[in-house]
Amino acid sequence: MAKLRTFLTVLLLSVLASTTLTTTASAGTASAGTTPAGTAPAESAPSSGWNNWSCRPSTAHPEPVVLVHGMGANHWDNFLTLAPTLRANGYCVYSQTYGKTLLGGLAPMADSAAELSTFVDRVRAATGASKVDIVGHSEGTTVPAYYMKLLGGAAKVDDFVGFGSNFKGTTLNGLATLAEALKLQGLLTGVGCGACTDYLPGSAFLAELNDGPVAVPGPTYTSIVTRYDTVVTPYTSGLLAPAPNVTNIVLQDKCGLDFVGHLGLAIDPNVAQLVLNRLDPEGSKPFRCRLFTTLGI
């Protein structure tokens, strides 16, 4: 049994690592000529103006945008498509790799939320903005939700937009269920994936996050999910309870020609349109549905 548990742990972490590589490859294809993932220091200012600490928000877009990556990814590869798009539309854009153990986003999510809190304060101080907007992918929705609800972040965030959202946990297509059945949670934490344990349905972290509505008064919340998600299972784990400041979007309700899975959301032009429109409703453009697929990825 001990050997089986070790094998399954390695398998689970391999899945997470391959997630990062797949996201990087997909983004690299979509953004030909970009710097390979992992080669840019966390504090670098890419040519797009992303992580440019001298950027000052415009009157049209007074809140800088903080991007929060998913589990097993980093601040660079997850947003090779979206960050330049936001910058080209006049936003000051910032990101960091959080929760890094073996890979980004694997530390316990409460610790990652504390990292996010520090980073948001840094962005606010650098830009002079009283609030930021947060855009996140996958775990990059769960960590900000915890930050806004339990660490005082609601007073510092204007708009939150998440895609591939996950607020209730996931079975990871059965891997998380298998880990729970074989009592692997402690072993996963020991090899540097506290977030894996946090994502198990019924975890202490999720119980705290879901003690009352996840969305709290103050920020606007937009959650975008895809019916073809095979990482957040069921995909409805990303839907927030109805509230005046909450908008849930099932991507296929907006665009029946979009067959994207969980990872491909990061490079989906339909998602990018929705993000831009939700960050700036007054300046939003008519939504144009485009055929898009990443073959279930």
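On a predicted model such as this, the values are computed, not experimentally measured, just so you know. Heavy-atom basis, side chains included; hydrogens, waters and symmetry copies ignored.
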> Just checking, any donor-acceptor pair under 3.5 angstrom between side chains of Thr97 and His69?
Replying inline: no
>> In this structure, is the centre-to-centre distance between the rings of His137 and Phe79 below 6.0 Å?
In response: no
> Quick one: do Leu67 and Tyr91 end up in the same hydrophobic cluster if we chain Ile, Leu, Val, Met, Phe, Trp and Tyr together by side-chain heavy atoms under 4.5 Å apart?
Replying inline: yes
> Strictly by modelled atom types, are Thr142 and Asn166 linked by a side-chain donor-acceptor pair under 3.5 Å?
Replying inline: no
>> Return the CZ to CD distance between Arg124 and Glu63, rounded to the nearest 0.5 Å.
In response: 11.5 Å
> Is it true that Tyr94 and Trp53 have ring centroids separated by less than 6.0 Å?
Replying inline: yes
> Side chain of Asn248, backbone of Leu240: donor and acceptor closer than 3.5 Å?
Replying inline: yes
> Between Val132 and Lys156, is any pair of side-chain heavy atoms under 4.5 Å apart?
Replying inline: no
>> Strictly below 4.0 Å, N to O, side chains only: are Lys131 and Asp159 in salt-bridge contact?
In response: no
> Do the side-chain N and O atoms of Thr127 and Arg56 include a donor-acceptor pair separated by under 3.5 angstrom?
Replying inline: no
> Given the rule in the ring-ring contact (aromatic ring centres under 6.0 Å, His included) test, do Phe205 and Tyr199 qualify, once you have shown the distances and angles that lead to the verdict?
Replying inline: CA-CA 8 Å; Phe205 174 86; Tyr199 259 148; 7.7 Å; no
>> Measuring from atom CD1 of Ile249 to atom OG of Ser223, what distance do you get when rounded to the nearest 0.5 angstrom?
In response: 8.5 Å
> Does Leu257 belong to the same Ile/Leu/Val/Met/Phe/Trp/Tyr cluster as Tyr235, with side-chain heavy atoms less than 4.5 Å apart forming each link?
Replying inline: no
> Distance-only, no hydrogens or angles: does the Asn245 side chain make a donor-acceptor pair with backbone N or O of Val216 under 3.5 Å?
Replying inline: yes
> Do side-chain atoms of Asn51 reach the backbone of Ser95 as a donor and acceptor pair under 3.5 angstrom?
Replying inline: yes
> Rounded to the nearest 0.5 Å, how far apart are CG of Asp133 and CG of Asp280?
Replying inline: 9.5 Å
> Do Ile134 and Val225 sit in the same hydrophobic cluster, where Ile, Leu, Val, Met, Phe, Trp and Tyr count as joined when their side-chain heavy atoms come under 4.5 Å apart?
Replying inline: no
>> Less than 4.5 Å apart, side chain to side chain, heavy atoms only: is that true for Phe163 and Ser138?
In response: no
> For the residue pair Ala114 and Leu151, what are the closest heavy atoms and their distance?
Replying inline: N-CD1, 3.7 Å
> When you check the gap from the basic side-chain N to the acidic O, do Arg227 and Asp253 get nearer than 4.0 Å?
Replying inline: yes
> Under 4.5 Å between any side-chain heavy atoms of Thr293 and Tyr228, yes or no?
Replying inline: no
